[in-house]
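What follows is a set of notes on a single structure, which appears directly below.
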Amino acid sequence: ASGVSSRQIAGDYYMLAKGYADQKNYKKSAEYYKKARRQGDINLAASYELARVYALGGMYSDARLVLEDLLKEEPDNGLVLSAYAYVTTMTGDFEKSLEVYRKLRKRNLLDSKTIKNYASLLFNSGNYKEALAEINKFPTPLSEDSDAMRIAVLSALDLCLESKSPESGAEKDNLSVGGATTSLPSATPETQN
């Protein structure tokens, strides 16, 4: 026996993987995270880091598979759920991504970055009212662009509602933006400054 434990070997692999990730060599990093996972003692941490380097390297389908395995063991882990929401978005599974973001929202596990990602996904999937509701939950100020994002959502809502025919009975809703109730802007994006 060499006197080296599997935990020490796993730690060495883990550190090598981290070093390659720091150098942005994600394929090589993934190889060492896989070796660290096989040692068992740090399987969960190595699995999460493996998914992270897959995502950083644009290997979203691989990241998704690893995260799905992690979620079987840790179904309520907010960090893993957030990463899973991101990679499902990047793989084009917007329905699954929205489901996961809603789960995070229900459990109050969204940080400001995740709230922005969720609101952006809602907006880009045409769920403008829900996107606006999320944006209005932003802590003030979330970022320099939170007001610009509110305006973009309001403009999109306005265009969406204007595209409905008057015969359909569509009326513009009064919406709350930043705590103040306002009607949707009447100007189109081309006429706004």
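Treat the numbers as computed from the prediction; the structure is a model and nothing was measured.
- A parallel orientation is assigned to the rings of Tyr101 and Tyr118, their planes being inclined by less than 30° (bins at 30° and 60°).
- When all heavy atoms of Arg37 and Ala46 are compared, the pair lying nearest together is CG-CB, 3.6 Å.
- Residue Met59 is not grouped with residue Leu65 when hydrophobic side chains (ILVMFWY) are merged at heavy-atom distances under 4.5 angstrom, including chains of intermediate members.
- Residue Leu122 holds its CG atom at 4.5 Å from CD of Glu130, rounded to the nearest 0.5 Å.
- Asn77 CG to Leu71 CG: the interatomic distance, rounded to the nearest 0.5 Å, is 8.0 Å.
- To the nearest 0.5 Å, the span separating CZ on Arg52 from OG on Ser29 amounts to 7.5 Å.
- At least one side-chain heavy atom of Leu67 sits less than 4.5 Å from a side-chain heavy atom of Val80.
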| task | Tell me, with the steps shown, if Leu121 and Leu98 meet side chain to side chain contact (heavy atoms under 4.5 Å, CB included). | result | CA-CA 8 Å; Leu121 180 61; Leu98 284 170; 3.7 Å; yes
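- We find that Arg102 and Glu99 are not joined by a salt bridge, their nearest charged nitrogen and carboxylate oxygen being 4.0 Å or further apart.
- The minimum heavy-atom distance linking Ala55 with Ala63 is given by the pair N-CB, 3.9 Å.
- Across every non-hydrogen atom of Ala21 and Tyr26, the tightest pair is O-CE2, 3.7 Å.
- A salt bridge does not link Glu68 to Lys72: none of the charged side-chain nitrogens sits closer than 4.0 Å to a carboxylate oxygen.
- The backbone N or O of Phe123 lies less than 3.5 Å from no partner atom in the side chain of Asn127, so there is not a single donor-acceptor pair.
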| query | What's the verdict on side chain to side chain contact (heavy atoms under 4.5 Å, CB included) for Tyr14 and Lys35, showing C-alpha distance, side-chain angles and the deciding distance? | reply | CA-CA 8 Å; Tyr14 193 90; Lys35 289 179 181 185; over 6 Å; no
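- Taking the six-membered ring where the residue is Trp, Tyr32 and Tyr13 present tilted rings, their angle falling between 30° and 60°.
- Shortest non-hydrogen contact noted between Leu104 and Gly78 is CD2-O, 3.9 Å.
- In terms of hydrophobic clustering, with Ile, Leu, Val, Met, Phe, Trp and Tyr side chains grouped at heavy-atom distances under 4.5 Å, Leu44 and Val87 are assigned to a common cluster.
- Using a 4.5 Å cut-off on side-chain heavy atoms (C-beta onward), Lys24 and Leu56 make no contact.
- Looking at every heavy atom in both residues, Val66 comes nearest to Leu50 through CG2-CD2, 3.9 Å.
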| request: Test side chain to side chain donor-acceptor pair (under 3.5 Å) on Asp93 and Thr91 and set out the steps. | output: CA-CA 6 Å; Asp93 190 349; Thr91 58; 5.7 Å; no
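- A donor-acceptor contact shorter than 3.5 Å links the side chain of Ser97 to the backbone of Ala85.
- For Tyr60 and Tyr54, the gap between ring centers reaches or exceeds 6.0 Å.
- Considering every non-hydrogen atom in both Gln39 and Ala10, the closest pair reads CB-CB, 3.3 Å.
- Note that CG of Asp69 is 7.5 Å distant from OG of Ser47, once rounded to the nearest 0.5 Å.
- Taking 4.0 Å as the cut-off between side-chain N and carboxylate O, Glu31 and Lys34 do not count as a salt-bridged pair.
- Side-chain contact between Lys96 and Tyr84 is present, with heavy atoms from C-beta onward closer than 4.5 Å.
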